Amino acid sequence: MPELPEVETIVRDLAPRVSGRTIRHPRLHKSDVLRGVTRRTFLAGITGRRIDSLSRRAKHLIFLLDSGRRMVIQLRMTGSLLVKRGRLTAEQERYAVLTAPLGGRETLVFQDVRRLGTIHLLDEPAWGTYTARIGAEPLDPGFDAAQFTAVLRGSSQAVKKVIMDQQKLAGVGNIYANEALFRAGIDPSRRADRIAGPAAARLHAAVRAVLTEAIDARGTTVRDYRTGTGQRGGFQFSLDVYDRAGEPCVRCGTLLATTHAIDGRQTTFCWHCQGAEPSGGPRRGR
DNA sequence: ACGAGGTCCTGCGAGC
DNA sequence: TGCTCGCAGGACCTCG
């Protein structure tokens with residue numbers, strides 16, 4: 001599932017290949033991915049437009065068009081984006097949502113098996129509203145431990161849910177939330193507003209470190225994720241807890257536990273390394 | 001403002 | 001073998 005590092009990888013791969021290119025004859029194969037725009041308006045809005053830049057905001061891909069509008073693609077669970085030279089494979093044909101020929105036998109392809117992904121087409125004011133609803137970028141140089149601590153302080157919900165809340169913090173999904181909490185030695189179910197001081201600073205550093213390392217490894221491929229060049233990422237070999245339930249903790253050897261108690265999402269953690277906090281004490285009986 | 005639950009969507013694996 | 005069913009889950013929604 002593409003989170004911040006995966007989307008960042010796709011942007012780095014594709015930005016040089018799409019910038020300055022013109023969308024010739026786009027085809028929208030599935031209309032149910034559109035949000036806030038009709039099929040007709042969407043196609044009219046991108047046809048013949050030049051892509052001035054491709055960038056990332058949280059987990060969203062932002063195509064800035066020469067009209068000043070932005071095509072915003074959210075990959076969600078199974079979406080992928082690539083520039084394909086020549087003919088599409090049978091699988092790409094089958095799951096293509098949007099194909100946009102760029103000239104020179106190259107085609108921008110957005111494919112998505114489950115079609116939970118979305119496409120918006122936003123003018124400048126709408127983009128302003130859209131991006132304002134998304135929280136701080138965790139890798140922004142100005143996003144320091146004090147700002148992060150303030151985010152935690154603002155909620156009594158489980159810390160894992162808070163750091164995955166896109167309105168509070170941008171780009172962290174289930175994989176990196178699990179990893180960062182393990183690295184920081186923090187119980188995922190602990191109330192966010194009870195975490196401060198050194199523990200909050202540890203989590204702040206862990207979130208940034210795990211995201212940075214995952215970008216360096218070109219993302220995590222558990223199932224569907226592919227880079228902008230169609231390859232697998234490399235960070236799945238560096239995961240400490242995600243998808244490792246029942247396996248021994250890399251730090252202490254305790255068998256990793258799993259629960260769905262936090263927001264219904266799979267949470268994997270080590271009782272020993274994350275069960276107890278200096279200021280909070282262990283939390284059991286979830 | 002909170003938690004719980006529904007919705008979207010399809011492939012996959014378990015169970016019968 | 002062939003069927004049904006539960007699950008995967010990010011973002012958004014409604015309800016109490």
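Per chain, numbering begins at 1; letters A, B, ... match sequence-line order. Quick caveat: nothing in here was measured; it's all calculated off a predicted structure.
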Which of the following nucleotides, B/dC2, C/dG10, C/dA11, is nearest to the side chain of A/Gln74? C/dA11

Classify the ring geometry of A/Phe143 against A/Phe148: parallel below 30°, tilted from 30° to 60°, perpendicular beyond 60°. perpendicular

Out of B/dC2, C/dG10, C/dA11, which has the shortest distance to the side chain of A/Gln157? B/dC2

Is the phosphate of C/dC12, meaning OP1 or OP2, less than 4.0 Å from a side-chain N or O of A/Thr118? no

Proximity to the side chain of A/Lys59 - top-ranked nucleotide from B/dC2, B/dG3, C/dG10: C/dG10

Cationic tip of A/Arg251 above A/Phe182 ring, under 6.0 Å, 45° of axis: yes

Classify A/Asn174 by what it touches in the nucleic acid, base, sugar-phosphate, or nothing, heavy-atom distance under 4.0 Å. sugar-phosphate

Distance check needed: C/dA8 P versus A/Asn178 CG, whole Å only. 13 Å

So what does A/Thr78 hit on the nucleic acid, given a heavy-atom distance under 4.0 Å: a base, only sugar-phosphate, or nothing? nothing

Without hydrogens or angle criteria, can the side chains of A/Thr131 and A/Arg57 be said to hold a donor-acceptor pair below 3.5 Å? yes

With rounding to the nearest 0.5 Å, note down the distance linking CD in A/Glu124 to CZ in A/Arg70. 4.5 Å

Letter by letter from the 5' end, nucleotides 5-11 of chain B scores (B base, S sugar-phosphate only, - none; protein heavy atoms under 4.0 Å) ---BBBS

Take atom CZ of A/Arg265 and atom P of B/dG3, then tell me their distance rounded to the nearest Å. 13 Å

State, to the nearest 10°, the angle formed by the axis through the first five base pairs of the helix from B/dC2-C/dG16 to B/dC16-C/dG2 and the axis through its last five. 60°

Specify the separation, in whole Å, of atom CZ of A/Arg133 and atom P of C/dG10. 18 Å

What integer distance in Å separates A/Ile134:CD1 from C/dG10:C1'? 13 Å

Give the table of side-chain donor-acceptor pairs shorter than 3.5 Å for residues 232-241 of chain A, with sequence neighbours excluded, one pair per line with atom names and distance.
from: A/Gln236; atom 1: OE1; to: A/Thr221; atom 2: N; distance (Å): 3.0
from: A/Gln236; atom 1: NE2; to: A/Gly233; atom 2: O; distance (Å): 2.9

For A/Tyr130, answer base if it contacts any base atom (sugar-phosphate contacts may also be present), sugar-phosphate if it contacts only those atoms, and nothing otherwise; contact means non-hydrogen atoms under 4.0 Å. nothing

Phosphate OP1/OP2 of C/dG10: any A/Gln166 side-chain N/O under 4.0 Å: no

Are A/Glu91 and A/Thr89 close enough that a side-chain donor and a side-chain acceptor fall under 3.5 Å? no

Distance alone, cut at 3.5 Å: any donor-acceptor contact between the side chains of A/Arg39 and A/Ser31? yes

Just checking, is any N or O donor in the side chain of A/Tyr176 or A/Thr220 under 3.5 Å from an acceptor N or O on the other one? yes

In terms of side-chain geometry, is the basic nitrogen of A/Asp263 or A/Arg265 positioned less than 4.0 Å from the acidic oxygen of its partner? yes

Between atom CG in A/Leu169 and atom P in C/dA11, what is the gap in whole Å? 11 Å

Just the rounded figure in Å: distance from P of B/dC2 to CG of A/Asp165. 9 Å

With a 4.0 Å cutoff (strictly under), does any side-chain N or O of A/His260 reach OP1 or OP2 of C/dA8? yes

Between atom CD in A/Glu3 and atom P in C/dA8, what is the gap in whole Å? 16 Å

Round to the nearest Å and state the distance from A/His120 atom NE2 to C/dC12 atom C1'. 11 Å

Evaluate the side chain to side chain contact (heavy atoms under 4.5 Å, CB included) criterion for residues A/Leu4 and A/Val172: first the C-alpha distance (whole Å), next the side-chain angles of each, then the deciding distance (0.1 Å), finally the verdict. CA-CA 6 Å; A/Leu4 188 154; A/Val172 177; over 6 Å; no

